[in-house]
**Q** 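Mind looking over this structure? Questions follow.
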Amino acid sequence: MENKVIYVAGLGLIGASLALGIKRDHPDYKILGYNRSDKSRNVALERGIVDEATGDFKVFASQADVIILAVPIKQTIEFIKDLAEMDLKDNVIITDAGSTKREIVEAGEKYLTGKNVRFVGSHPMAGSHKSGAIAADVNLFENAYYIFTPSPLTTAGTIDEMKEILSGLHARFVEIDACEHDRVTSQISHFPHILAASLMEQAGDYACEHEMTNHFAAGAFRDMTRIAESEPGMWTSILLTNQSAVMERIDDFKARLDGVKELIAKGDGDAIWNYFNQARETRKAMRIHKRGGVESAFDIFVDVPDKEDVILEILELLRGISLVNIHINEENREDINGILQISFKCAKDLEHAKKVITEKTNYKVHIN
Ligand code: NAD
């Protein structure tokens, strides 16, 4: 396999983590980086995340076999316009990492058609509240969905080539239409962020008049509002590039809230019970207790007491076995017992874990 030159524009959390992931399987590839500020550029050079770095986007573009735009969405579109005016290698692949896809893919098709380049929109579906190259993590995309949104400039073989280049990410590659991507993410990601922020704002205002609000806020409130700490700039760009889908979700939700309000006003206990029960069943069926949609085919459930160091005790027993995920099912805690859900890569690891925990502890182990 020829040694490619990969140009990562934007050495923030996503760009720098992608560079590390590419290097893991392709140490011979040359990775060039662009970053506007020298802070992340210097971190990326010092940590060997990139081989060379620049503060001028145009400098490395013509050397690249693959150009990955990992900057905010609007800037991604600006760079696509810039690339359309540059002298690039024949058949270069231009791709991105933006959290919404329709506007970026439309820009790719609009400005790059007829330019002897290939283009594929992408969204690596993992992240954190951290930012900058300092937060780069080679394992960030492990088991996460890496979404490709093909369009006419995504010629045959382009996505396969990208999968090969990105193999060191250990991500789960999927393809979906860009508009459908934006609709689905409006429901499972964008709208929940709005909801969390609104809930936080509501509670903040309420706390001004009811001072114990802050003190009593515990598990349920924490779980519902964790994502309200997300980076405001990124979320502003996401909402502004997915307006209609997000507004449609808001209207749908308002109608649902009005429906529940009506049930409460009527004092209709059966209907309220059904409402909660349906939500509980839907959540169970969705199997969302895992990172990035990893199938939980190799999961064990351990009933653990609520005592100090119990998780450490289990992890110590599992030393040497590769875990995909670990989750504490707090909502199932009934005062003293909780359920620890541990996901493994294969049936062999799962069986081994079950045997060890059963032999060395008194905790009940279930496999669904
Ligand atoms: P980040 O803040 O860590 O990095 C952003 C990068 O863009 C930095 O290198 C910054 O210097 C550069 N940048 C910002 N504004 C710029 C401008 N006007 N001109 C040139 N460069 C500019 O952010 P990130 O989390 O790495 O996000 C990068 C992209 O990845 C965004 O499009 C985001 O939507 C997408 N994304 C983010 C996440 C996440 O959770 N953080 C997840 C998936 C995709």
Side-chain angles (χ1 to χ4, degrees), residues 7-21 31-45 47 49-50 53-61 67-83 94-105 107-108 121-142 144-149 166 169 171-174 178 181-182 184-186 188-190 192-193 196 226-242 246 291-293:
Y7 181 25
V8 181
L11 298 171
L13 169 74
I14 299 296
S17 300
L18 287 174
L20 284 174
I31 308 221
L32 305 173
Y34 153 84
N35 204 72
R36 190 175 54 161
S37 71
D38 55 6
K39 196 167 162 217
S40 278
R41 208 183 318 140
N42 291 340
V43 170
L45 282 169
R47 284 184 54 188
I49 295 172
V50 294
T54 177
D56 177 355
F57 174 65
K58 294 183 175 135
V59 168
F60 290 140
I67 299 172
I68 302 176
L69 304 174
V71 289
I73 300 163
K74 293 288 182 199
Q75 192 57 37
T76 299
I77 293 170
E78 290 306 311
F79 280 164
I80 287 173
K81 287 185 201 167
D82 291 346
L83 289 170
I94 298 171
T95 186
D96 77 302
S99 304
T100 58
K101 298 275 43 100
R102 185 185 55 81
E103 287 201 12
I104 288 174
V105 170
S122 311
H123 177 197
M125 279 191 86
S128 88
H129 57 284
K130 296 181 194 154
S131 62
I134 192 82
D137 176 3
V138 70
N139 296 315
L140 184 67
F141 306 109
E142 191 138 342
Y145 279 122
Y146 195 105
I147 297 177
F148 292 110
T149 56
L166 299 168
L169 266 50
R172 292 152 53 91
F173 298 112
V174 284
H181 165 278
D182 288 1
V184 173
T185 50
S186 75
I188 48 87
S189 171
H190 309 168
H193 276 80
R226 181 182 59 81
I227 54 177
E229 287 194 33
S230 303
E231 208 277 304
M234 188 173 106
W235 284 95
T236 305
S237 325
I238 288 174
L239 300 194
L240 292 182
T241 50
N242 200 16
V246 169
R291 182 181 172 195

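Atoms within a ligand are numbered from 1 in the order they appear, just like the ligands themselves.
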**Q** Can you tell me the protein heavy atom closest to atom 28 (C) of ligand 1 and the distance?
**A** A70 O, 3.5 Å
**Q** Looking only at protein heavy atoms, which one is nearest to atom 40 (O) of ligand 1, and how far off is it?
**A** G127 CA, 3.3 Å
**Q** Does S37 come within less than 4.0 angstrom of ligand 1, counting non-hydrogen atoms of the residue?
**A** no
**Q** Which one of L69, T100, T241 satisfies the side chain to side chain contact (heavy atoms under 4.5 Å, CB included) criterion with T76?
**A** L69
**Q** State whether the shortest distance between N or O atoms of N35 and N or O atoms of ligand 1 falls below 3.5 angstrom.
**A** yes
**Q** Return yes or no for this condition: an N or O of T76 is under 3.5 Å from an N or O of ligand 1.
**A** no
**Q** From atom 23 (O) of ligand 1, is the closest protein heavy-atom distance below 4.0 Å?
**A** no
**Q** Taking the six-membered ring for Trp, are F173 and F148 parallel (under 30°), tilted (30 to 60°) or perpendicular (over 60°)?
**A** parallel
**Q** At less than 4.0 angstrom from any non-hydrogen atom of G98, what atoms of ligand 1 do you find?
**A** 32 (O)
**Q** Around atom 4 (O) of ligand 1, find the nearest protein heavy atom and jot down its residue, atom name and distance.
**A** G12 CA, 3.3 Å
**Q** Are V50 and L11 close enough, and set up right, to give a side chain to side chain contact (heavy atoms under 4.5 Å, CB included), and what steps lead you there?
**A** CA-CA 9 Å; V50 294; L11 298 171; 3.8 Å; yes
**Q** For atom 33 (C) of ligand 1, which protein heavy atom lies nearest, and how many Å away is it?
**A** S99 OG, 3.5 Å
**Q** Would M234 count as a polar contact of ligand 1, with the cut-off being nitrogen or oxygen pairs under 3.5 Å?
**A** no
**Q** Considering only protein heavy atoms, which is closest to atom 2 (O) of ligand 1, and at what distance to one decimal place?
**A** S131 CB, 3.6 Å
**Q** Say whether P72 and ligand 1 are in contact under the criterion: heavy-atom distance to a ligand atom below 4.0 Å.
**A** yes
**Q** Please work out which of the three classes, parallel, tilted or perpendicular, describes the rings of W235 and H190, given edges at 30° and 60°.
**A** perpendicular
**Q** Between D96 and K101 (salt bridge meaning N to carboxylate O under 4.0 Å), is one present in this structure?
**A** yes
**Q** Kindly say whether A133 contributes a backbone atom to a donor-acceptor pair with the side chain of S40 at under 3.5 angstrom?
**A** yes
**Q** Just distances here: any N/O of I14 and N/O of ligand 1 closer than 3.5 Å?
**A** yes
**Q** Which ligand 1 atoms does G10 reach within 4.0 Å, using its non-hydrogen atoms?
**A** 9 (O)
**Q** Heavy-atom count around E229 CD within 6.0 Å, excluding the residue itself: above 12?
**A** no
**Q** Quick check on A126 - does any of its heavy atoms sit under 4.0 Å from an atom of ligand 1?
**A** yes
**Q** In the protein, which heavy atom is nearest to atom 16 (C) of ligand 1, and how far is it?
**A** R36 CZ, 3.5 Å
**Q** For F141 and L18, work out which heavy atoms get closest and say how close.
**A** CE1-CD2, 3.6 Å
**Q** Is H123 touching ligand 1 with its side chain, its backbone, both, or neither, if touching means heavy atoms under 4.0 Å apart?
**A** side chain
**Q** For atom 43 (C) of ligand 1, what is the closest protein heavy atom, and at what distance to 0.1 Å?
**A** P124 O, 3.2 Å
**Q** Could you tell me if the ring centre of Y7 sits under 6.0 Å from that of Y34?
**A** no
**Q** Quick one: look at Y34 and ligand 1, take heavy-atom pairs under 4.0 Å, and tell me if it's side chain, backbone, both or neither.
**A** side chain
**Q** Answer yes or no for L11: is there a heavy-atom contact with ligand 1 below 4.0 Å?
**A** yes
**Q** List the atom of R47, the atom of I134, and the distance in Å for their closest heavy-atom pair.
**A** NH1-O, 3.5 Å
**Q** Counting only nitrogen or oxygen atoms and a 3.5 angstrom limit, does V71 reach ligand 1?
**A** yes
**Q** Can you tell me if CZ on R226 sees more than 12 non-hydrogen neighbours from other groups inside 6.0 Å?
**A** no
**Q** Residues in side-chain hydrogen bond (donor to acceptor under 3.5 Å, both in side chains) with T95, at least two apart?
**A** S122
**Q** Can you pull out the closest protein heavy atom to atom 44 (C) of ligand 1? Residue, atom name and distance to 0.1 Å, please.
**A** A97 O, 3.2 Å
**Q** Between N35 and S37, do the side chains contain an N or O donor and an N or O acceptor separated by less than 3.5 Å?
**A** yes
**Q** Taking C-beta and beyond as the side chain, do E231 and S131 meet within less than 4.5 Å on heavy atoms?
**A** no
**Q** Below 4.0 angstrom from a heavy atom of G132, which ligand 1 atoms are there? Numbered from 1 as shown, please.
**A** 3 (O)
